[in-house]
Amino acid sequence: MIKTKTLEILNSTLKRCGERGLFQIPSGFEIQLEVPRVDAHGDFATNVALTLAKPNRCSPRDVAASFVEQLADGDGFFARVEIAGPGFINLVISPSAWFQILDEIHRLDLNYGRSHLGHGRYVQVEFVSANPTGPLHVGHGRGAAVGDALASILEATGHRVEREYYINDAGTQIETLGRSVFLRYQQLLGRQVDFPETCYQGDYIQVRAREMQEIHGDSYLNVAEEEALPLFSDYAGKRILDGIRNDLQEFGVNYDKWFSEKSLYENGAVDRVIETLKAAGHIYEKDGALWFRSTALGDEKDRVVVRANGMTTYFASDLAYHQDKYLRGLDLVIDLWGADHHGYVDRMYAGVMALGKEREALRLLLVQLVNLLRKGQQVAMSTRAGEFVTLREVIAEVGRDAARFIFLTRRSDSPLDFDLELAKEKSADNPVYYVQYAHARISSIIRLAEEQKLALDEKEKLDFNRLELPEEIALIKQLSLYPEVVENSARFLEPHRIPYYLTQLASAFHSYYKHHRIIQDDLALAQARFNLVQAIRVVIRNGLGLLGVSAPEKM
RNA sequence: GCGCCCGUAGCUCAGCCCGGAUAGAGCGUCGGACUUCGAAUCCGCAGGUCGCAGGUUCGAAUCCUGCCGGGCGCGCCA
């Protein structure tokens with residue numbers, strides 16, 4: 001890559017300066033290389049001279065001058081080297097070096113942008129994990145889009161990745177679900193029963209109740225609630241989970257594993273993790289309950305793991321779940337949580353550390369709320385009353401690509417406005433179409449070239465030197481940044497960087513396309529440009545791929 | 001009260017982790033561009049005390065401190 005090579009040259013130059021005693025180099029000194037905002041400042045700029053000036057007690061421009069003098073560049077890699085402003089060294093890379101990027105993109109094709117950053121580290125992304133007590137809503141959709149994209153990005157950067165869904169199929173919520181269905185079932189059979197507010201109100205409860213009636217008739221009408229509950233809970237939970245699986249699959253999300261919370265109780269993992277913590281001295285007894293001393297590990301208060309009544313808490317099963325993850329050999333566990341869980345973050349990190357892992361072995365990402373709008377007006381949503389917009393409805397209305405892309409345009413820890421009308425609009429308001437359109441346009445050029453048998457693909461006649469326009473070099477530079485964007489996206493666990501980059505790239509392409517013809521009489525020029533736009537298409541397609549968004553050839 | 005996150009153009013946001021030269025997009029406003037590869041596009045104009053105040057630095061949207069404003073969280077609930 002161009003940047004790495006530039007850095008190599010600068011480092012060897014610095015070493016030479018040190019050896020020849022031109023100036024002192026503090027130990028641990030590292031050269032900073034950046035892409036300047038202003039084109040006039042070159043392709044790369046470094047502030048070495050500014051930072052070395054002080055320890056050497058001389059002016060930055062003098063340091064820069066001796067540095068540049070030592071800068072050997074036998075193969076013409078740099079087209080120009082300049083000292084500017086207070087002492088920046090601006091570097092302009094020669095076009096021929098940039099042209100190599102195009103070859104690289106075509107050679108690597110689908111693999112362009114992939115890297116070995118992760119060195120095969122075993123990473124799990126656990127996301128959505130909604131309770132199987134109701135259908136997925138828009139907020140879950142955001143978690144799904146972010147989690148899935150993140151997993152893809154990590155895969156692309158050399159991590160071994162696993163997608164997991166944690167099913168909360170134990171505890172009171174699932175019981176409440178069973179009770180809700182049971183009560184509706186009784187009502188269907190004509191019995192007058194109170195339907196408490198604490199039960200789930202949505203229509204989907206009625207649906208399950210009717211199904212139970214179809215399967216079992218009235219045989220549970222006179223059965224006591226405690227007796228009927230396991231069956232009703234189990235059935236409703238399974239059916240709803242099937243729905244969730246279905247919705248996610250239609251959204252393009254496929255999990256490697258669906259992990260049951262109940263299994264942790266059944267196989268004794270919950271008891272085991274408490275024993276582990278006890279043995280390590282993290283547990284004490286107070287007021288008849290067992291407490292986890294999480295304050296010792298950065299939490300603001302200690303947490304109960306076994307209540308005075310002998311029941312374990314939700315946190316206890318979460319500890320067991322995470323212990324299980326690490327026993328499976330995971331190097332890094334990434335959990336995506338709804339933002340309302342953020343009071344829970346510190347205790348989870350504390351828990352993981354108490355289990356003997358580094359804090360860095362866990363990354364909790366909070367996904368903020370989705371604010372659903374229609375033409376700028378807030379769409380009312382109330383989960384309790386069962387009035388919410390489901391993910392399924394949103395996909396049906398705006399489509400999978402638009403939904404995914406919009407979910408990914410903002411950093412996930414800030415709230416997101418999602419306007420249903422805007423998402424459907426086929427215009428520049430809607431960044432999905434903007435990027436996809438660029439891909440479709442290029443595809444259309446390629447189709448045309450094929451139809452006219454223009455032989456634009458013949459490599460032996462290809463002369464990149466015909467790409468002389470500043471816009472063309474700028475486009476290649478932008479393409480060369482793509483692998484770095486993906487790597488940074490993985491490093492910071494921030495998928496939103498990719499939609500942002502793609503929008504910029506699409507914009508540069510659209511502008512270029514408008515001003516210059518690709519296909520034209522000058523065959524050599526046409527070939528060079530054709531090759532360039534093909535490279536753009538490769539990058540757009542690869543980028544959209546990471547987001548789970550399609551790259552259409554026609555729209 | 002304590003803790004976490006946020007505050008950048010009229011609106012929605014990127015940039016902050018790792019300080020750099022004149023702070024960027026899109027939308028919206030206004031005005032332009034289709035006989036030529038897809039106008040779902042492009043071009044131009046206008047729009048900023050980067051919440052406020054200090055500090056560190058040759059240099060701060062970026063790092064530190066305090067304050068102001070907004071959001072969320074603080075159960076032997078899940």
Side-chain angles (χ1 to χ4, degrees), chain A residues 30 32 34 36-38 40-41 45-47 50-51 53-54 59-60 84-88 90 131 133 168 170-176 261 286-291 299-301 303-318 338-346 366 368-369 376 409-411 413-417 419 422 425-438 440-449 451-452 454 488 491-492 494 496-497 499-501 503-504 506-507 509-520 526 529-530 533 554-555:
Chain A
E30 267 186 49
Q32 312 263 335
E34 60 173 43
R37 275 199 293 259
V38 186
H41 296 154
T46 175
N47 61 353
L50 280 91
T51 39
K54 198 166 191 189
S59 92
F88 289 102
N90 295 336
N131 290 340
T133 54
N168 294 109
T172 58
Q173 295 209 10
I174 199 85
E175 268 183 34
T176 306
E261 180 189 8
K286 194 183 90 181
D287 304 332
L290 289 185
W291 296 70
D299 196 9
E300 59 177 324
K301 53 177 83 165
R303 310 291 173 178
V304 170
V305 286
V306 182
R307 288 179 262 169
N309 66 8
M311 302 283 286
T312 51
T313 60
Y314 179 79
F315 181 49
S317 58
D318 239 357
D340 52 336
H341 284 65
H342 96 238
Y344 208 83
V345 168
D346 286 341
L366 298 180
Q368 275 285 356
L369 300 176
T409 45
R410 302 262 179 281
R411 37 183 314 139
D413 58 5
S414 72
L416 170 76
D417 286 342
D419 195 311
L422 201 100
E425 237 171 78
K426 296 181 157 84
S427 72
D429 300 24
N430 196 336
V432 200
Y433 294 108
Y434 189 78
V435 175
Q436 288 185 322
Y437 184 52
R441 260 187 162 173
I442 299 172
S443 303
S444 160
I445 295 170
I446 293 172
R447 272 196 304 276
L448 189 76
E451 278 166 23
Q452 302 187 358
L454 290 176
N488 283 334
R491 189 172 286 131
F492 298 112
E494 290 179 347
H496 77 273
R497 290 164 185 257
Y500 190 79
Y501 168 84
T503 309
Q504 302 267 319
S507 169
F509 163 72
H510 283 309
S511 176
Y512 173 65
Y513 172 88
K514 198 72 189 179
H515 291 107
H516 308 287
R517 287 193 60 86
I518 313 301
I519 295 175
Q520 54 174 304
R529 290 183 171 175
F530 187 70
V533 297
K554 282 181 186 168
M555 290 172 69

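Quick note on labels: first sequence line is chain A, next is B, and so on, each numbered from 1. All values below come from the heavy atoms of this structure, side chains included, with hydrogens, waters and symmetry mates left out.
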How many whole angstroms separate atom [atom1] of [X] from atom [atom2] of [N]?
X        : N     : atom1 : atom2 : value
A:Glu34  : B:A60 : CD    : P     : 15 Å
A:Met555 : B:A39 : CE    : C1'   : 13 Å
A:Glu494 : B:C18 : CD    : C1'   : 13 Å
A:Tyr433 : B:C42 : OH    : P     : 17 Å
A:Gln504 : B:G24 : CD    : P     : 12 Å
A:Arg497 : B:C18 : CZ    : C1'   : 11 Å
A:Gln520 : B:U36 : CD    : P     : 17 Å
A:Arg441 : B:G38 : CZ    : P     : 8 Å

**Study point:** With sequence neighbours excluded, residues passing side chain to side chain contact (heavy atoms under 4.5 Å, CB included) with A:Glu494
**Key:**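 Side chain to side chain contact (heavy atoms under 4.5 Å, CB included) list for A:Glu494, sorted by chain: A:Arg411, A:Phe492, A:His496, A:Arg497.
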**Study point:** Those residues that, when tested against A:Ala339, pass side chain to side chain contact (heavy atoms under 4.5 Å, CB included) (two or more places apart)
**Key:**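 Expected list: A:Gln368.
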Taking the minimum atom-to-atom distance to the side chain of [X], which one of [options] wins?
X        : options             : answer
A:Lys514 : B:G20, B:C17, B:A39 : B:A39
A:Leu50  : B:A25, B:G20, B:C17 : B:G20
A:Tyr513 : B:C43, B:C37, B:G20 : B:C37
A:Arg517 : B:A21, B:C42, B:C37 : B:C37
A:Phe492 : B:C58, B:G24, B:C18 : B:C18
A:Lys554 : B:G38, B:G20, B:C37 : B:G38

Review point. Does the ring of A:Phe88 meet both stacking tests against the six-membered base ring of B:A21: centre distance under 5.5 Å and plane angle under 30°?
Key: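 Yes; centroid distance and tilt both under limits.
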Suppose you measure atom [atom1] in [N] against the same atom in [M]; what distance do you get, rounded to whole Å?
N     : M     : atom1 : result
B:C77 : B:U62 : P     : 44 Å
B:C13 : B:A60 : P     : 28 Å
B:C72 : B:G55 : C1'   : 30 Å
B:G48 : B:G54 : C1'   : 22 Å
B:C6  : B:U49 : P     : 22 Å
B:G24 : B:G71 : P     : 32 Å
B:G10 : B:G51 : P     : 13 Å
B:A61 : B:A9  : C1'   : 14 Å

For [X], side chain to side chain donor-acceptor pair (under 3.5 Å) partners two or more places apart:
X        : result
A:Asp340 : none
A:Asp318 : none
A:Thr503 : none
A:His510 : A:Arg441

Got [X] and [Y] here, is their nearest side-chain heavy-atom distance under 4.5 Å?
X        : Y        : answer
A:Trp291 : A:Val306 : no
A:Val305 : A:Thr312 : no
A:Leu50  : A:Phe88  : yes
A:Val345 : A:Leu366 : yes
A:Tyr437 : A:Phe509 : no

Mind checking if [X] touches a base, just sugar-phosphate, or nothing, with heavy atoms under 4.0 Å?
X        : value
A:Ala440 : base
A:Gln32  : nothing
A:Ala45  : base
A:Asn488 : nothing

Review point. So, is A:His515 near the phosphate of B:C37, with a side-chain N or O under 4.0 Å from OP1 or OP2?
Key: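 Looking at the OP1 and OP2 atoms of B:C37, neither is under 4.0 Å from any side-chain N or O of A:His515.
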Check your understanding: Does the side chain of A:Arg529 get closer than 4.0 angstrom to OP1 or OP2 of B:C37 through an N or O atom?
Key ->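 No, because none of the side-chain N or O atoms of A:Arg529 sits under 4.0 Å from OP1 or OP2 of B:C37.
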Exercise for review: Confirm from the modelled atom types if A:Asp340 and B:G73 form a donor-acceptor pair under 3.5 Å, side chain to base only.
Suggested key: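 It does not, because no donor-acceptor pair links the side chain of A:Asp340 to the base of B:G73 below 3.5 Å.
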**Study point:** First encountered from the 5' end of RNA chain B, between A:His510 and A:Ala84
**Key:**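 Its nearest nucleotide being more 5', the pick is A:Ala84.
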Exercise for review: Please tell me which of A:Tyr512 and A:Arg491 maps to the more 5' nucleotide of RNA chain B, matching each residue to the nucleotide holding its nearest heavy atom.
Suggested key: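 On the 5' side of the pair lies A:Arg491.
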Check your understanding: Have A:Gln173 and A:Asn131 got a donor and an acceptor in their side chains that come within less than 3.5 Å?
Key ->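 Short answer, yes.
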Report each atom pair, protein N/O against N/O of nucleotides 75-78 of chain B, whose distance is under 3.5 angstrom.
residue: B:C76; atom: O2; partner: A:Ala308; partner atom: N; Å: 2.8
residue: B:C76; atom: N4; partner: A:Asp287; partner atom: O; Å: 2.9
residue: B:C77; atom: OP2; partner: A:Arg307; partner atom: NH1; Å: 2.7
residue: B:A78; atom: OP1; partner: A:Arg307; partner atom: NH2; Å: 2.8
residue: B:A78; atom: OP2; partner: A:Tyr314; partner atom: N; Å: 3.3
residue: B:A78; atom: O2'; partner: A:Gln173; partner atom: NE2; Å: 2.8

**Study point:** Conformer about C1'-N of B:C34 - syn within 90° of 0, anti elsewhere
**Key:**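 Here B:C34 takes the syn form, which means its glycosidic angle is within 90° of 0.
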Exercise for review: Do nucleotides 2-12 of chain B as a string where each nucleotide becomes B, S or -: B if the base has a protein heavy atom under 4.0 Å, S if just the sugar-phosphate does, - if no protein is that close.
Suggested key: -BB-------S
Check your understanding: salt bridge (charged side-chain N to carboxylate O under 4.0 Å, His left out) with A:Arg447: which residues, sequence neighbours excluded?
Key ->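 A:Arg447: no salt bridge (charged side-chain N to carboxylate O under 4.0 Å, His left out) contacts found.
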**Study point:** All salt bridge (charged side-chain N to carboxylate O under 4.0 Å, His left out) counterparts of A:Arg303, not counting sequence neighbours
**Key:**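 Listed in chain order: A:Asp299.
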Practice item. Quick one: list whatever passes ring pair (Phe, Tyr, Trp, His ring centres under 6.0 Å) with A:His516, sequence neighbours left out. Key: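 Applying ring pair (Phe, Tyr, Trp, His ring centres under 6.0 Å) to A:His516 gives A:Tyr512.
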Review point. Pairs counted as Watson-Crick or G-U wobble with both distances under 3.5 Å: what dot-bracket string results for RNA chain B, using | for bases tied to another strand?
Key: (((((((..((((......[...))))..((((.......))))......(((((..]....))))))))))))....
